[in-house]
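Computed from a predicted model, the values in this text were never measured in an experiment. Note on naming: letters A, B, ... go to the chains in the order of the sequence lines (proteins, then strands), and numbering restarts at 1 for each one.
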2 protein chains.
Amino acid sequence: MGGPRFEPVRAVRAYERIVEQIEEAVESGALAPGGRLPSERELMVQFSVSRSTVREALRVLQARGLVRSRPGDPNGAEVLPFSPAALHKSMTTLARVAELSLGELVQFRMVLDGSAVLLAARLRTEEQLAEMGEAVAAMRAAADQDEEAFGAADVAFHDAVARAGGNKLIQVCTDVVRSIVLKLIADRIAAAPDREELMRRSIRHHEEVIAAVRAGDGPLAARLSRKAMYDYYAGYVDEGERSALRALLE
Amino acid sequence: MGGPRFEPVRAVRAYERIVEQIEEAVESGALAPGGRLPSERELMVQFSVSRSTVREALRVLQARGLVRSRPGDPNGAEVLPFSPAALHKSMTTLARVAELSLGELVQFRMVLDGSAVLLAARLRTEEQLAEMGEAVAAMRAAADQDEEAFGAADVAFHDAVARAGGNKLIQVCTDVVRSIVLKLIADRIAAAPDREELMRRSIRHHEEVIAAVRAGDGPLAARLSRKAMYDYYAGYVDEGERSALRALLE
DNA sequence: CGCTATTTGTCCGTATGTATG
DNA sequence: CCATACATACGGACAAATAGC
């Protein structure tokens with residue numbers, strides 16, 4: 001029993017090995033963001049492969065958001081700082097291919113945003129609290145006038161909350177899912193008949209959340225936040241799914 | 001004011017357009033999973049581009065987990081069913097490049113798993129409840145004997161909970177983050193001196209969660225679930241970060 | 001400012017190993 | 001076993017874009 005456990009050998013393509021090596025170099029920090037890869041011709045010498053193979057590897061790395069190459073750049077491909085673009089892409093395809101419903105996406109936002117405010121109520125600094133206040137002030141200033149500015153201020157608020165919560169993963173995921181949700185229903189939101197009332201109520205809810213965060217009452221802030229999101233988005237969610245959203249309101 | 005808002009034109013590569021078209025076909029359902037793309041030679045005719053360009057496009061699509069191509073396959077590249085592989089990959093690089101700490105990852109799991117059980121307490125069927133029970137039974141059977149089987153049963157439990165919660169996004173994300181966390185500390189977990197005690201306590205916690213889910217007490221089940229995860233993982237998290245985890249235990 | 005060298009984007013042709021019938 | 005069609009990988013070529021002189 002036991003004995004040597006042989007791994008099944010999958011035929012690994014040449015370009016895949018190149019990807020692995022460069023990926024390793026980037027993630028280990030040997031290649032810092034802003035740094036440059038050797039040129040394609042240099043890489044084909046170093047890896048002793050053809051240029052096509054090098055290029056396929058670079059396309060994969062580019063799809064993963066690690067590097068970017070421009071035509072004519074005398075330096076090689078640029079190593080990019082982290083961006084949630086790749087995560088955004090894969091979540092978007094997940095949403096479409098796995099047929100995620102709007103309800104599931106909104107529910108996910110309720111969960112993450114609620115947790116972010118819960119943490120923010122504990123960990124926020126005075127500066128971050130001020131940022132949230134400024135964002136809501138911007139929302140108020142833009143209400144009934146500038147749709148886009150209102151949306152941007154709303155984003156700024158939730159981003160400030162997520163940052164104050166101190167969990168980068170929550171921050172990135174809320175950001176990604178929010179943009180997916182907005183892309184799905186941006187037109188319906190703008191065309192809502194009771195748009196102004198929704199905006200006013202949203203501002204009021206945001207202020208209540210800030211008050212709870214300032215008071216350090218995390219659970220209250222979380223409930224208020226989830227309720228605010230429910231009120232704002234429930235109208236666009238199928239009735240059958242709304243009950244699952246309400247399960248998060250207790 | 002206003003006027004036509006021109007978008008900045010980025011030079012879009014040929015392979016990128018091919019990616020967009022095929023991606024659109026897959027996501028719109030025109031190409032169902034299991035279906036086949038035309039062969040590379042056929043694609044170079046249809047898009048009227050060279051072989052290299054087709055191949056670079058296919059590499060990108062493959063990196064995004066949408067298709068897979070094998071040498072010698074008489075049919076073209078295969079359209080894959082959705083798999084969280086791409087999401088997994090981008091989250092893993094996020095964890096490394098954005099320097100996510102173990103604490104943040106565990107915190108994220110506490111949030112998602114807690115929410116999943118909260119929903120499961122509402123929506124679970126009797127079958128799903130039975131699955132959870134079987135998973136815990138398997139954990140008990142494997143305790144003190146088979147490390148691997150214990151871990152697999154634990155995974156089965158959390159997966160059953162996540163499925164019962166009814167949110168596919170939560171399900172996928174918990175799965176992805178769990179595997180990242182385990183990869184980070186698998187060796188430390190196996191080498192823990194009080195390993196057996198941890199396993200016994202973990203089984204007890206799981207049973208308490210099931211009881212709360214059976215009773216339909218979502219908030220209690222969520223608290224128990226977060227507590228269970230805290231107890232199991234807190235020992236591997238830096239002391240400075242533990243307080244942020246405890247913020248989720250109230 | 002234009003010129004030049006270099007690099008990327010794209011194309012073509014070819015050879016090789018592999019899977020299917 | 002053989003023939004066919006396929007993906008993988010190679011090498012050479014040209015145009016467009018970029019940076020530096």
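At distances below 3.5 Å, at least one donor-acceptor pair connects side-chain atoms of B:Arg36 with backbone N or O atoms of B:Gly76. A donor-acceptor pair under 3.5 Å is absent between the side-chain atoms of B:Gln107 and the main chain of A:Asn167, judged by distance alone. A donor-acceptor pair under 3.5 Å is formed between the side chain of B:Ser90 and the backbone N or O of B:Leu87.
Look at B:Arg13 and B:Glu56 and you find no salt bridge, because none of the NZ, NE, NH1 or NH2 atoms lies under 4.0 Å from a carboxylate O.
Applying side chain to side chain contact (heavy atoms under 4.5 Å, CB included) to A:Leu37 and the options A:Asn75, A:Ile22, A:Leu66, A:Val54 leaves one that passes, A:Ile22.
Of all nucleotides in DNA chain D, those with any atom nearer than 4.0 Å to a heavy atom of chain A start and finish, going 5' to 3', at D:dT8 to D:dA19.
With rounding to whole Å, A:Arg36 atom CZ is found 14 Å from C:dT6 atom C1'. Nucleotide C:dG9 holds its C1' atom 13 Å from the CD atom of B:Glu16, rounded to whole Å.
Residues from residues 39-56 of chain B lying near DNA chain D, meaning a heavy-atom separation below 4.0 Å, are B:Ser39, B:Glu40, B:Arg41, B:Arg51, B:Arg55 in numerical order. Scanning residues 59-71 of chain B for heavy-atom distances under 4.0 Å to DNA chain D yields B:Arg59, B:Ser69, B:Arg70, B:Pro71.
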Name the atoms and distances for all side-chain donor-acceptor pairs under 3.5 Å in residues 24-33 of chain B, with sequence neighbours left out.
| unit_1 | atom_1 | unit_2 | atom_2 | d |
| --- | --- | --- | --- | --- |
| B:Glu27 | OE1 | A:Arg96 | NE | 3.4 |
| B:Glu27 | OE1 | A:Arg96 | NH1 | 2.9 |
| B:Ser28 | OG | B:Glu24 | O | 3.0 |
| B:Ser28 | OG | B:Ala25 | O | 3.2 |
| B:Ser28 | OG | B:Ala30 | N | 3.4 |

Please list, one pair per line, the donor and acceptor atoms closer than 3.5 Å that link side chains of residues 151-161 of chain B to other protein atoms, with sequence neighbours excluded.
| unit_1 | atom_1 | unit_2 | atom_2 | d |
| --- | --- | --- | --- | --- |
| B:Asp154 | OD1 | B:His158 | NE2 | 3.4 |
| B:Asp154 | OD1 | B:His206 | NE2 | 3.0 |
| B:His158 | ND1 | B:Asp113 | OD2 | 2.7 |
| B:His158 | NE2 | B:His206 | NE2 | 3.4 |
| B:Asp159 | OD2 | B:Arg163 | NE | 3.2 |

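Remark: the B:Arg59 side chain and the B:Ser69 side chain contain an N/O donor-acceptor pair separated by less than 3.5 Å.
Atom CD of A:Gln46 is surrounded by more than 12 heavy atoms from other residues, nucleotides or ligands within 6.0 Å.
With sequence neighbours excluded, the residues that form a side chain to side chain donor-acceptor pair (under 3.5 Å) with B:Glu40 are B:Arg51, B:Arg55.
Residues A:Gly76 and B:Gly72 both approach DNA chain C. Their nearest nucleotides, taken by heavy-atom distance, put A:Gly76 toward the 5′ side.
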